[in-house]
Amino acid sequence: MIKRYSYIFIITLAALGCATNKKTTTQATQTPSLKETFKDDFLTGTAMSARQIEGKDTAAVRLIKQQFNAVTPENSMKAEMIEPEWNTYNFDMADKLVAFAAKNNIKVNAHTLIWHSQLPAFMHHVQNADSVKQYVEHHINTVAGRYDGKVYSWDVVNEALNEDGTLRNSVFLEKLGPDYIVDAFRLAQQASPHSKLYYNDYNIEEPEKRAGAIAIIKKIQAAGVRIDGVGIQGHWRADNAPLAGIEESIKAFAALGIEVMFTELDLSVLRNPWDNNTADVSATAKADPGMNPYANSLPDSVAQIQSKSYTDLFKLFLKYKKNISRVTFWGVNDGQSWLNNWPVSGRTNYPLLFDRNFNPKPAFYSVIATASSNKAQTH
Ligand code: XIL
């Protein structure tokens, strides 16, 4: 008798367990996912911080698996991290990222091989052209070679342009001359024949800088070297994303026969001290409480402006979905965005689709809604 009662008890417990499980599953699937919503249109990605790559930020990792099918390391594959000393490499984080992505069926866009910023300290002392040449060759052969085919793509060269479309002065331009970009792509192509190769920059939706990017791409192509795509970073203000320029750039880059991507999308709700549109990481200003108007919360009116801007952008992305291969956000949630500390440190910004508790914001639902209006139009 006792035995029979305990059986009933166990069965009841099991049934209750199933019911609760079912409830959690249904709740989890109630939030739509970006990667499902746009699966026939383009990849949807996020930047991943070191804590996320190491699995320490479990809530973020859960959200990444649920929402995204592409990731870009926010800092872990930059030169200062991956080659901290001359010809001495630290692949720890990059290996972890590649393993995480493979396990979860996520594509890695590796960022970045040649960039004037976040260079290892030793590069500031390298004076002669031969050493710079040697560094570039070593770095690209070793890093791009190790991850050939294991990463989906590389930002081979990042931010080589000034705002007027001329080449930015950097150790690479100064010591190697203007051909350094074509040479970097050639080296990357040899070291990494199975990963895609991209040029990445900010403000290349502006006419002069766009022309500079077109010149770079044409020069690579004319040299018979492979370039698969161009990344428009997309660090814009929520109240004035430059839609017309973006559309022009999508058309102009697509006409060169390459993929177009939005690689670091975030829509700041805060002014920068100069009221310009720079995304130069070296443009910094001191902390200033007067420049931090939403320290406690984001007013609804501003959230609505941001949602509208995200809507307009995604409508545009969908209009050109044949040419656009990926849209990546620069961070998982608002609290983790670099824009809380750049260009002014210690501010409270709200540039992404998920709030500080990983909950979807109105902007998230606006972005999801663009997909159904797109389907309604095409059917
Ligand atoms: C930023 C990171 O988000 C910060 O954590 C870091 O301190 C500086 O760099 N353009 C790029 C990115 O290509 O690599 C930059 O990322 C943002 C601007």
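For ligands, and for the atoms within them, numbers begin at 1 and follow the listed sequence. All figures in this text were calculated on a predicted structure; none of them were measured in a lab.
- N87 and Q134 are not linked by any side-chain donor-acceptor pair at a separation below 3.5 angstrom, with hydrogens and angles left out of the test.
- No hydrogens or angles considered: nothing links the side chains of T278 and N276 as a donor-acceptor pair under 3.5 Å.
- Here's the thing with W330: one of its N/O atoms is less than 3.5 angstrom from an N/O atom of ligand 1.
- No heavy atom of Y202 sits closer than 4.0 Å to any atom of ligand 1.
- Residues E74 and Q52 have side chains that never bring a donor and an acceptor to within less than 3.5 angstrom of each other.
- Ionic pairing of E80 and K78 is not present here: no N-O contact between side-chain nitrogen and carboxylate oxygen is shorter than 4.0 angstrom.
- Of the polar atoms of E159, at least one N or O is found under 3.5 Å from an N or O of ligand 1, judged by distance alone.
- In the vicinity of E264, heavy-atom distances shorter than 4.0 Å reach the ligand 1 atoms 10 (N), 11 (C), 12 (C), 13 (O), 17 (C), 18 (C).
- For the residue pair T328/R326, the side-chain donor-acceptor check at 3.5 Å is satisfied.
- Defined by atom type and a distance below 3.5 Å, a donor-acceptor pair is present between the side-chain atoms of D95 and Y147.
- Of the polar atoms of Q118, at least one N or O is found under 3.5 Å from an N or O of ligand 1, judged by distance alone.
- Note: F314 and F38 have tilted aromatic rings, judged against thresholds of 30 and 60 degrees for the angle between ring planes.
- The single protein non-hydrogen atom nearest to atom 7 (O) of ligand 1 is N75 OD1, 4.3 Å, given as residue, atom name and distance.
- Counting the atoms of ligand 1 from 1 in the order shown, those under 4.0 Å from a heavy atom of W115 are 14 (O).
- With a heavy-atom cut-off of 4.0 Å, D155 does not touch ligand 1 at all.
- Each of the following atoms of ligand 1 lies closer than 4.0 Å to a heavy atom of H111: 11 (C), 12 (C), 13 (O), 14 (O).
- Residues Y198 and E259 have side chains that bring a donor and an acceptor to within less than 3.5 angstrom of each other.
- Looking at atom 3 (O) of ligand 1, its nearest protein heavy atom turns out to be E74 OE2, 2.5 Å.
- Proximity annotation for atom 15 (C) of ligand 1: of Q233, K78, M77, Q336, K78 comes nearest, heavy atoms only.
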